[in-house]
Q: 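Encoded as structure tokens, here's the structure I'll be asking about.
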Amino acid sequence: MTRPALAECKYQAKAATIAIGQGQRYKSFSSAIAAGIDDGIEQAIDQKELIEDCMKAKGFNQ
């Protein structure tokens, strides 16, 4: 039962954070790389929190 719920929560979290960092313009290659790393970290943190909240809402605890 946990696996389908976890898969659903991961899917929803990914869909909710897909636009992080989209549509930005950068003046240099190095600033684009740095922003990409920052966006990836932000996306991962947000997804982790969304997954945890989703699983709690489904009645699962850590």
Side-chain angles (χ1 to χ4, degrees):
M1 179 72 173
T2 303
R3 285 182 162 250
L6 181 57
E8 181 182 349
C9 288
K10 285 181 178 182
Y11 177 82
Q12 291 175 358
K14 191 167 192 168
T17 59
I18 197 82
I20 292 176
Q22 298 294 319
Q24 297 178 9
R25 302 244 182 234
Y26 305 100
K27 293 183 180 186
S28 69
F29 184 72
S30 61
S31 65
I33 296 295
I37 292 169
D38 289 343
D39 292 343
I41 292 169
E42 179 184 355
Q43 189 177 43
I45 291 169
D46 288 352
Q47 285 180 4
K48 181 180 181 294
E49 291 172 356
L50 288 168
I51 291 167
E52 289 173 357
D53 291 345
C54 178
M55 291 299 285
K56 286 178 186 173
K58 292 181 179 293
F60 296 98
N61 294 320
Q62 284 183 307

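Only heavy atoms go into these numbers, but all of them, side chains included; no hydrogens, no water, no symmetry mates. Here, residue 1 is the first one in the sequence, and each next residue gets the next number.
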Q: At what distance, to the nearest 0.5 angstrom, does CD of Gln24 lie from CD of Gln22?
A: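 It is 8.5 Å, given to the nearest 0.5 Å.
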Q: Can Lys48 and Glu52 be counted as an ion pair, charged N to O under 4.0 angstrom?
A: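 A salt bridge links Lys48 with Glu52.
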Q: Above 12 or not: heavy atoms from other molecules or residues under 6.0 Å from OH of Tyr11?
A: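 No, OH of Tyr11 has 12 or fewer neighbouring heavy atoms, counting only those of other groups under 6.0 Å.
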Q: State, with a plain yes or no, whether a side-chain heavy atom of Glu8 is found less than 4.5 Å away from one of Lys58.
A: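 Yes, their side chains come closer than 4.5 Å.
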Q: Please tabulate, one pair per line, all N/O donor-acceptor pairs under 3.5 Å involving side-chain atoms of residues 30-38, not counting sequence neighbours.
A:
from, atom 1, to, atom 2, distance (Å)
Ser30, OG, Ser28, OG, 3.3
Ser31, OG, Ser28, N, 3.3
Ser31, OG, Ser28, O, 2.9
Ser31, OG, Ser28, OG, 3.2

Q: Can you tell me how far CG of Asn61 sits from NZ of Lys56, rounded to the nearest 0.5 angstrom?
A: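 The distance works out to 7.5 Å.
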Q: At their closest point, which heavy atom of Ile20 faces which heavy atom of Asp39, and how far apart are they?
A: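 Result for this residue pair: CG2-O, 3.8 Å.
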Q: So Met55 and Leu6, do their side chains get closer than 4.5 Å, heavy atoms only?
A: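 Answer yes - side chains close enough.
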Q: Looking only at heavy atoms, which two atoms of Ile51 and Cys9 are closest? And how far apart?
A: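 Taking Ile51 first and Cys9 second, the nearest heavy atoms are CG1-O, 3.9 Å.
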Q: Do the side chains of Gln47 and Gln43 get nearer than 4.5 Å, heavy atoms only?
A: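 Contact flag for Gln43/Gln47 side chains = yes.
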